[in-house]
Number of protein chains: 2
Amino acid sequence: MSEPRFQAVVADDHAIVRSGLRAALESPGLVEPAGIKVVAEAADGLSAIAAIRQNRPSLLLLDVQMPLAGGLEVLIEARRWSPETRVVVLSGVTSPGKIGELVSCGVDGLFSKGEDNDELFGALPGILRGRRHVAEVFRRMLEEAPAVPALSERERQVLNLVVAGRSNKEMAQVLGISAKTVDRHRTNLMQKLDVHSVAQLIAYALREGLIAPTSGL
Amino acid sequence: MSEPRFQAVVADDHAIVRSGLRAALESPGLVEPAGIKVVAEAADGLSAIAAIRQNRPSLLLLDVQMPLAGGLEVLIEARRWSPETRVVVLSGVTSPGKIGELVSCGVDGLFSKGEDNDELFGALPGILRGRRHVAEVFRRMLEEAPAVPALSERERQVLNLVVAGRSNKEMAQVLGISAKTVDRHRTNLMQKLDVHSVAQLIAYALREGLIAPTSGL
DNA sequence: TTCAGGATGGGGTGAATCCCCCAATCCACC
DNA sequence: GGTGGATTGGGGGATTCACCCCATCCTGAA
């Protein structure tokens, strides 16, 4: 029995997913006779980064949505501390915005949790040899999806506050600008995103994952 | 080697979770020497119900959030078509409202995906013998959480439309009532939920899972 | 049978919204 | 040096929202 040459770190906030991935990766014959050895698991973004720095594995299997740090942040940190690690992201929700960001940040693999795992495990050997693979679903999504307009820093701040339920006046106070300017940003925002009410604005923001979901009432 | 006496159906929209649960359930020694046989998997609520009707298993392992039918609907249908099936629900998100509903509908087991699986698998033998087990996290949550005010049917409809970004006038048209009445419901809604703006209303609704997240812009 | 509560509407008021108009500053880019 | 974008701010107006007041109708529980 040969030694596994590849090591992997698995990061997901659900213990069941981690054990499922571990079982699949370590099953013999996937990439090489001995399978891929999972050297560490992480339940949140920060421990994932720590695990990467410590182990510098060949592969990182990573959920997009995690506590403490999202998939994108982990990807960037992983690139910084362990450039040779192939990073494969699993996405539960499918927001065109996030997917686009991940692709443009250069993930090595991008797969959907909803679909069959065959595409993932079929592509893994190639990915470990340096290829890239974005799941069929996401490739179609990126082609069809209307590009999400780029938001300026201020607009993003305003959007966050709107989602948090603040009024123009409150936002003006928080941001230290005139209420009229807040209104201006809000108007531009709604024009950019092609919505026509706070409710639609919030719906859009949450759907696209444009804002941090840590909105304290 | 003894035959497995228990059969299970596993329902989750993520293939990885299903295979992880299958592996764990079928591992020998969990409940009895041969483990629990997973006779069917389902990726959405309707197939879960179909699988229950067809197999009438001893155990149903069920995700709360699924396409086509949620965990609660599947629970109710499972009770109807196969009352002897023990229903165990796994919850990814932790909204006090949904948890309370599930408990009051009489789930046999309720566990969090985020926590360790030890509590689940430790409690499984008891559950199969007729006991009930609600995860520690959720029991504390139900004690501490401020009771979610009961919403009337109309109020729930209005809430859905508000989240979908409709104006009072549009809602009036959809519901076939006066815009003034819509406003009345909306006012009552905000008073009940102790919020003071659309944004907070939407935030509350999404947080508590009071509404279906299938809001088409 | 009374009575509470839900659903239905109308009137009205003050605030906030959505969206036009206008202008100034700053800063990066060609 | 010009050009465009982001950010800042003001005026104004039509609409909507948030929240009071009032009433009627109906259903189910006490």
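Numbers restart at 1 for each chain; the letters A, B, ... are given by sequence-line order, proteins then strands.
In terms of position on DNA chain C, the residue among A:K169 and B:E155 whose nearest nucleotide sits closer to the 5' end is B:E155.
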Polar pairs (N or O, both sides) under 3.5 Å between protein and nucleotides 21-27 of chain D?
{"unit_1": "D:dC21", "atom_1": "N4", "unit_2": "B:R184", "atom_2": "NH1", "d": "3.1"}

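Backbone-only engagement by B:N168 is indicated by non-hydrogen atom pairs under 4.0 Å involving sugar-phosphate atoms exclusively. If you check every strand for non-hydrogen atoms under 4.0 Å, B:T187 touches a base. A:Q191 comes within contact range of no nucleotide atom at all, as no heavy-atom separation falls under 4.0 Å.
Shown here are the side-chain hydrogen bond (donor to acceptor under 3.5 Å, both in side chains) partners of B:R131, two or more places apart in sequence or in another chain: there are none. Partners of B:T85 by side-chain hydrogen bond (donor to acceptor under 3.5 Å, both in side chains), not counting sequence neighbours, listed by chain and number: B:S82.
With A:D183 contributing its side chain and A:A179 its backbone, the two residues share no donor-acceptor pair below 3.5 Å. Between the side chain of B:N160 and the backbone N or O of B:R156, at least one donor-acceptor pair lies under 3.5 Å. Between the A:D108 side chain and the A:V87 main chain, a donor and an acceptor come within less than 3.5 Å of each other. A donor-acceptor pair under 3.5 Å is absent between the side-chain atoms of B:R18 and the main chain of B:E41, judged by distance alone. The backbone N or O of B:A50 sits nowhere less than 3.5 Å from a side-chain atom of B:Q54 that would complete a donor-acceptor pair.
Between A:K192 and A:E155, at least one side-chain nitrogen of the basic residue sits less than 4.0 Å from a carboxylate oxygen of the acidic one, meeting the salt-bridge criterion.
In this structure, NZ on B:K113 lies 5.5 Å from NE2 on B:H14, to the nearest 0.5 angstrom.
Atoms NE2 (A:H196) and P (D:dT15) sit 17 Å apart, rounded to a whole Å. One can place CG of B:L201 at 11 Å from P of D:dC19, the figure rounded to the nearest angstrom. Atom CZ of A:R186 and atom C1' of D:dT15 are 15 Å apart (whole Å). The nearest whole Å value for the distance from the CZ atom in A:R154 to the C1' atom in D:dG5 is 16 Å.
Near-neighbour residues of DNA chain D inside residues 171-181 of chain B, defined by a heavy atom below 4.0 Å, number-ordered: B:K180.
When DNA chain C is scanned 5' to 3' for any atom under 4.0 Å from a heavy atom of chain B, the first and last hits are C:dG6 to C:dG12.
Side chain B:D183 to base D:dC17: no donor-acceptor pair is found below 3.5 Å.
In this structure, a donor-acceptor pair under 3.5 Å is present between the side chains of B:E119 and B:H133.
Residue pairs meeting the side-chain hydrogen bond (donor to acceptor under 3.5 Å, both in side chains) criterion with at least one member in residues 169-178 of chain A, sequence neighbours excluded, do not occur.
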